Structure formats: C-alpha cells, structure tokens
Amino acid sequence: MNDSNLPKIFVTRQMAEKELDRLRSVAQVEVWPDSLPPSREILLQKVAGCDAMLTLLSDRIDEQVLDAAGVSLKVVSNYAVGYNNIDVEAAKQRGIRVGNTPDVLTDATADLAVTLMFAATRRVNEAADQVKNGQWTTWEPNGLLGKELAGRTLGVIGMGRIGKAFAQRMVGGWNMRLVYTSRTEQADVNGSLGGQRVELDELLAQSDFISVHVALCDATREMLNKETFAKMKDGVVLVNTARGETIDQDALVDALDSEKVFAAGLDVTTPEPLDHNHPLVQHPRTIILPHIGSATDCSRLAMAEIAVDNILAGLEGKPLRCEVNA
Ligand code: DGY
C-alpha cells in the first residue's frame, strides 16, 4: 500500500521502540522527538488529519484538539491510567474512542505510596540533607524523631485498584487499622483487611496516616483544603500519588507550618513541574517526587503495550483493550 493511504498516528513522546514498531507496521507514525511535550500550537498542527493519537497526561486533549484532528480521528490512547487530561465527553460526542492503561501500574504506584509514607514519616529527606550538608554532629535521643506506623490508623481516600494495593501492603505489613472512603462498600477490603468504609469527615477525624488514591474530577478537586485539614488529627502524615489537584497546596503549606500535618509525601503537584522554590518543595518536612508512580521498567513497558493495543483496535473500529468511555 502507498504510504499516503496508511492511517496517520501522532505520538506525543518517545516510548518503547518495540511497541512503536507495531504501530509503524500499519500506519504512518510521527513521534514527537523532544522530552518536553509539544507546545499547544504544535500539537494542533500535528494532529490535523490523524486517525489516532497516543497522548500523555501532560497533553491537554480538549474540543479544540479533537476538532483540529478532524473527522478522521478514531482513537485517543492515553499512556496513563488517569485521563483527566482528556475531554472524554467531547470525544464520545464525536464518536472517538478513548483508551487508558489500568492495572499494569497498580503495584508500582502502590509501592511508591508506601515509599513516600515511610520517607515522610521518618523524615528521610531532612535527615539525608543533614548528612549531605555537613550538619550531622552527633547521635541525639531527640534528634529527627519520626512516627511509628505499626498499629496506628490508616485512612485511604479512594479504594480503587491502587488504593487497595497500598492498603494491602500497609495493613499486612504494619498491622494498621484501616478506614477508607469509596463510592461502594468493598467486601474484600472489609473482610481480608478489616477495613471500615466511612465518610470523608470520619476518615479525617480517625486517621494518623492518610493516602490519596482518587481520580481527579469535580468532586475530588481540592477535596483536601483549609476546612478538611482542620478536621484531621494533629500531626497526621499525608501522601498523594493520585493527582496534585486533589489538594489545595496553599492550605497544605499552612497545615505543615502549624504541624497539623506532620509531614507530606507527594508524587503529584499542581502544576507539574512545581517550581523548586515553591514552599512545599522547600519545606523541611515534605518529600516531593516528579510524578514517578508508574516509573518502573515493567509498568512503563506494559503501559506502552496497552496504549498501542488500544490504537490498533481503534483503527479497526473495534472496542479497545482498555476503553474509558465504553
Ligand atoms: C497515571 O497513569 O495516571 C499516572 O499518574 C502516571 O502513570
């Protein structure tokens, strides 16, 4: 077949070549070569006339982009489990399928939430900085005291796949008491982990350690804010590996300053990247990571595989392997 008859795909970032080759075998593929996302202007140009797009969280796919692509666009495949960067409703109205990459990053992200929980709780950043900056003078009985997790109450906000994997690790490993929020009762969590489903206010009032695992939507945007921080126990530890926008960051800075929040571990912020001079980054009792929840060899490869499968199915007009607007 003449190349110009092949479907056109725009891929907004480099990823596993082996997976991109599967696209190249059936389509004309343009892969954005930079490590930074294409600018809005370039994105609008590149998608024109495309049959499929493979996008990242940092690409805002709204009506303007969908219209710039035009009627040929059949599928937008997001290289992420979250898809808050995509106007799914607008895609649906245009008959465009939207795919995501669930399951394969659950363990990696849950592991990172555990990492952040311990790093924040035991003040690992602050302690390591003392050593690095030549401030380690002696062993002190009251120096760099963190908190003990074992036996305390863990609040998991959002008991989806990742929330559950995180809770399994923490409850199983450190024998924590578990409370959680969820749209529905989770019989397995109640049974095997002894979890109790509660309203958010109750979770905030009971938890010594809180981890956020909700998808971003209108209901969860800045759900942790001045009012909800006030409902937490004093000295709580907070972890977020979901989306930065679930937390009002100014309110978090105040809560850290007043020690309402003892420490915070964040893999996600608003915006991303967060300026390195931002008070959250500079705060001694935070650890901020550059959104690396799914950054393991296995997860990222498996995400590429699903993202490509989604495109191949979408080009053939078939249901996607993982479809978000099905
Ligand atoms: C996702 O997939 O939504 C994560 O935030 C990045 O892997």
Side-chain angles (χ1 to χ4, degrees), residues 57-58 60 80-85 87 109 112-113 116-117 119-121 123 125 147 152-160 162-163 166-167 170 178-184 195-291 293:
L57 286 175
S58 40
R60 182 163 48 87
V81 64
Y83 45 86
N84 52 288
N85 57 311
D87 186 339
T109 309
L112 194 79
L116 282 172
M117 186 58 90
T121 301
R123 303 169 65 175
N125 250 7
K147 289 176 184 276
R152 291 211 163 127
T153 299
L154 175 69
V156 175
I157 301 180
M159 195 48 87
I162 298 171
F166 172 73
M170 300 301 294
L178 175 66
V179 290
Y180 67 94
T181 63
S182 169
R183 276 184 299 234
T184 54
Q196 189 191 353
R197 179 173 164 240
V198 294
E199 294 301 322
L200 180 64
D201 282 2
E202 195 53 41
L203 180 144
L204 301 176
Q206 290 190 25
S207 303
D208 302 297
F209 300 88
I210 295 176
S211 190
V212 181
H213 296 281
V214 285
L216 181 65
C217 61
D218 289 345
T220 59
R221 192 174 299 279
E222 296 201 347
M223 68 192 300
L224 297 185
N225 52 41
K226 192 169 187 277
E227 285 72 39
T228 44
F229 279 121
K231 292 175 182 166
M232 292 179 186
K233 278 184 164 179
D234 290 339
V236 69
V237 176
L238 176 65
V239 163
N240 188 6
T241 51
R243 287 292 179 268
E245 292 89 337
T246 57
I247 298 179
D248 172 345
Q249 293 180 169
D250 293 340
L252 176 56
V253 172
D254 291 345
L256 281 158
D257 285 344
S258 69
E259 299 198 19
K260 168 59 93 178
V261 172
F262 174 72
L266 310 176
D267 185 42
V268 287
T269 59
T270 316
E272 292 181 2
L274 189 62
D275 189 285
H276 74 283
N277 286 317
H278 190 282
L280 274 182
V281 180
Q282 294 303 328
H283 201 286
R285 278 175 291 107
T286 60
I287 171 163
I288 316 279
L289 301 180
H291 203 146

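All of these numbers come straight from a predicted model, not from anything done at the bench.
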Heavy-atom donor-acceptor pair, [X] side chain to [Y] backbone, under 3.5 Å:
X      : Y      : answer
Gln249 : Thr270 : yes
Thr181 : Gly158 : yes
Gln282 : His276 : yes
Asp208 : Val236 : no
Arg152 : Ser207 : no

Verdict with supporting geometry, Leu57 and His291, side-chain contact (heavy atoms from CB on, under 4.5 Å):
CA-CA 11 Å; Leu57 286 175; His291 203 146; 3.6 Å; yes
Are any of the side-chain heavy atoms of [X] and [Y] separated by less than 4.5 Å?
X      : Y      : result
Ile247 : Val268 : no
Leu266 : Val239 : no
Arg243 : Thr269 : no
Leu252 : Phe229 : yes
Lys226 : Asp250 : no
Met223 : Leu200 : yes
Thr246 : Leu224 : no
Ile287 : Leu289 : yes

For the atom pair [atom1] ([X]) and [atom2] ([Y]), what is the distance rounded to the nearest 0.5 Å?
X      : Y      : atom1 : atom2 : value
Asp248 : Asn225 : CG    : CG    : 6.5 Å
Thr121 : Lys147 : OG1   : NZ    : 8.5 Å
Thr241 : Asp267 : OG1   : CG    : 6.5 Å
Arg123 : Thr286 : CZ    : OG1   : 12.0 Å
Leu238 : Met232 : CG    : CE    : 5.5 Å
Arg285 : Phe262 : CZ    : CZ    : 6.5 Å

What is the minimum heavy-atom distance between [X] and [Y], and which atoms define it?
X      : Y      : value
Val281 : Ile288 : CA-CG1, 4.0 Å
Ala120 : Ala263 : O-CB, 3.3 Å
Lys233 : Ala205 : CG-O, 3.4 Å
Leu204 : Thr228 : CD1-O, 3.5 Å

Can a side-chain donor-acceptor contact be found between Ser211 and Asn240 if the only test is distance below 3.5 angstrom?
no
Could you check whether atom OH of Tyr83 has more than 12 heavy atoms from other residues, nucleotides or ligands sitting under 6.0 Å from it?
no
Step by step, work out the side-chain contact (heavy atoms from CB on, under 4.5 Å) result for Val179 and Thr153.
CA-CA 7 Å; Val179 290; Thr153 299; 4.1 Å; yes
Decide side-chain contact (heavy atoms from CB on, under 4.5 Å) for Leu256 and Asp254; before the verdict, give the C-alpha distance in whole Å, the side-chain angles of both, and the deciding distance to 0.1 Å.
CA-CA 5 Å; Leu256 281 158; Asp254 291 345; over 6 Å; no
Using side-chain contact (heavy atoms from CB on, under 4.5 Å), reason through Phe166 and Met117 one step at a time and then give a plain yes or no.
CA-CA 10 Å; Phe166 172 73; Met117 186 58 90; 4.1 Å; yes
